[in-house]
Amino acid sequence: MAKTKPGKKDLDSYTIKGTNKVVRPGDCVLMRPSDSDKPPYVARVEKIEADHRNNVKVRVRWYYRPEESIGGRRQFHGAKELFLSDHYDVQSAHTIEGKCIVHTFKNYTKLENVGAEDYFCRFEYKAATGGFTPDRVAVYCKCEMPYNPDDLMVQCEGCKDWFHPSCMGMTIEEAKKLEQFLCSDCSSEDDAKRSLNAFPVSPSLEAKVEPKRRKR
């Protein structure tokens, strides 16, 4: 019977060196960059394997930060936003520094406290072409920009759309003090029917069903 060459074996998990944190396929991890001045790379572990010398490698799918994408960072991109790319790699497991959580956009906006290891993803990204999926998302305010969860927005009691205070000629401090808000269109249409109910300060603080938005 012919002898088989020593090969690779799949592993169910890997314990990050110097910690008790266990990484499994499907987990998101922080990986040490070659340039120590840069923040850690973020990736999703697809597979963990060891060779016959017990060197552990991980097959990963990279997340890109907005500034690493072809289009660069835009005004509506959140500080903790990532794009799930179609870029795969095999890396030494020793380059894993820690674990993190990449939330869906909806779940991220419901977090009461955003920790250092919390990120969110609402787009998939094609590294070669710079294309995004989906290529259209809901836009808000008269500036017609997608929602950035880092920015405070106020909701109009009339049309229920969300607005940036700056686009309405207000400071953030002024917006926080308002008991109710009507956008310029609604206030000119119906000054007499202002509601005295307190309005939610930001979409991220309200777990509510959003009305359908116009697409762009």
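Note that this is a predicted model, so its numbers are computed, not measured.
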Nearest 0.5 angstrom please: [X] [atom1] to [Y] [atom2], how far?
| X | Y | atom1 | atom2 | value |
| --- | --- | --- | --- | --- |
| Asp161 | Cys186 | CG | SG | 9.0 Å |
| His52 | Lys9 | NE2 | NZ | 12.0 Å |
| Arg74 | Glu67 | CZ | CD | 14.0 Å |
| Lys176 | Thr171 | NZ | OG1 | 10.0 Å |
| Lys17 | Ile96 | NZ | CD1 | 12.5 Å |

Work out which heavy atom in [X] is nearest to a heavy atom in [Y]; give both atom names and the distance.
| X | Y | answer |
| --- | --- | --- |
| Cys183 | Cys156 | N-SG, 3.3 Å |
| Gln180 | Leu182 | OE1-CG, 4.2 Å |
| Pro134 | Arg122 | CD-O, 3.6 Å |
| Glu81 | Gly78 | OE1-N, 3.0 Å |
| Pro66 | His77 | CB-ND1, 3.6 Å |
| Met31 | Ala43 | SD-CB, 4.1 Å |

- Residues that, via side-chain heavy atoms closer than 4.5 angstrom, fall in one hydrophobic cluster with Tyr63: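 The other cluster members (ILVMFWY side chains, heavy atoms under 4.5 Å, direct or chained) are Leu30, Val42, Leu82, Leu84, Val102, Tyr119.
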- Query: Got a sec, which hydrophobics cluster with Val22, joining ILVMFWY side chains under 4.5 Å apart, including via others?
  - Reply: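 Joined to Val22, directly or through intermediates: none.
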For [Y], does its backbone N or O pair with a side-chain atom of [X] as donor and acceptor, under 3.5 Å?
| X | Y | value |
| --- | --- | --- |
| Asp89 | Gln91 | no |
| Lys142 | Cys167 | yes |
| Lys80 | Gly115 | yes |

- Message: According to ring-ring contact (aromatic ring centres under 6.0 Å, His included), who are the partners of Phe132, at least two apart in sequence or on a separate chain?
- Response: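 Scan of Phe132 (ring-ring contact (aromatic ring centres under 6.0 Å, His included), adjacent residues dropped) gives Phe83, Phe123, Tyr125.
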Should [X] and [Y] count as side-chain neighbours, where that means a heavy-atom distance under 4.5 Å?
| X | Y | answer |
| --- | --- | --- |
| Arg59 | Tyr88 | yes |
| Cys121 | Thr104 | no |
| Leu152 | Val154 | yes |
| Phe76 | Tyr147 | no |
| Phe181 | Met168 | yes |
| Ile101 | Cys28 | no |
| Met170 | Leu178 | yes |
| Arg24 | Asp12 | no |

- So Phe105 and Phe120, would you call those rings parallel, tilted or perpendicular, with 30° and 60° as cut-offs?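 Tilted.
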The criterion is salt bridge (Lys or Arg N to Asp or Glu O under 4.0 Å); which residues satisfy it with [X], sequence neighbours excluded?
| X | value |
| --- | --- |
| Arg44 | Glu46 |
| Asp35 | none |
| Glu117 | Lys21 |

- Query: Going only through I, L, V, M, F, W and Y residues with side-chain contacts under 4.5 Å, is there a path from Ile70 to Tyr64?
  - Reply: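 Yes, one cluster joins them.
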Do NZ/NE/NH1/NH2 and the carboxylate oxygens of [X] and [Y] come within less than 4.0 Å?
| X | Y | value |
| --- | --- | --- |
| Glu124 | Arg61 | yes |
| Glu49 | Lys57 | no |
| Lys99 | Asp27 | yes |

- Task: List the steps, then state whether side-chain contact (heavy atoms from CB on, under 4.5 Å) holds for Val56 with Leu11.
- Result: CA-CA 9 Å; Val56 182; Leu11 301 179; 4.0 Å; yes
- Test Val23 against every option in Thr15, Val45, Val58 by the side-chain contact (heavy atoms from CB on, under 4.5 Å) rule and name the one that passes.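 Running side-chain contact (heavy atoms from CB on, under 4.5 Å) over Thr15, Val45, Val58 with Val23 returns exactly one hit, Val45.
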- How about Trp62 and Tyr41: are their ring centres within less than 6.0 Å of each other?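 Yes, the ring of Trp62 comes within the 6.0 Å limit of the ring of Tyr41, centre to centre.
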- Taking atom types as modelled, find out whether His164 and Tyr140 have a side-chain donor-acceptor pair closer than 3.5 angstrom.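 Result is no, nothing qualifies.
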- Query: Does a side chain donor of either Asp118 or His103 reach within less than 3.5 Å of an acceptor in the other side chain?
  - Reply: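 Per modelled atom types, Asp118 and His103 side chains form a pair under 3.5 Å.
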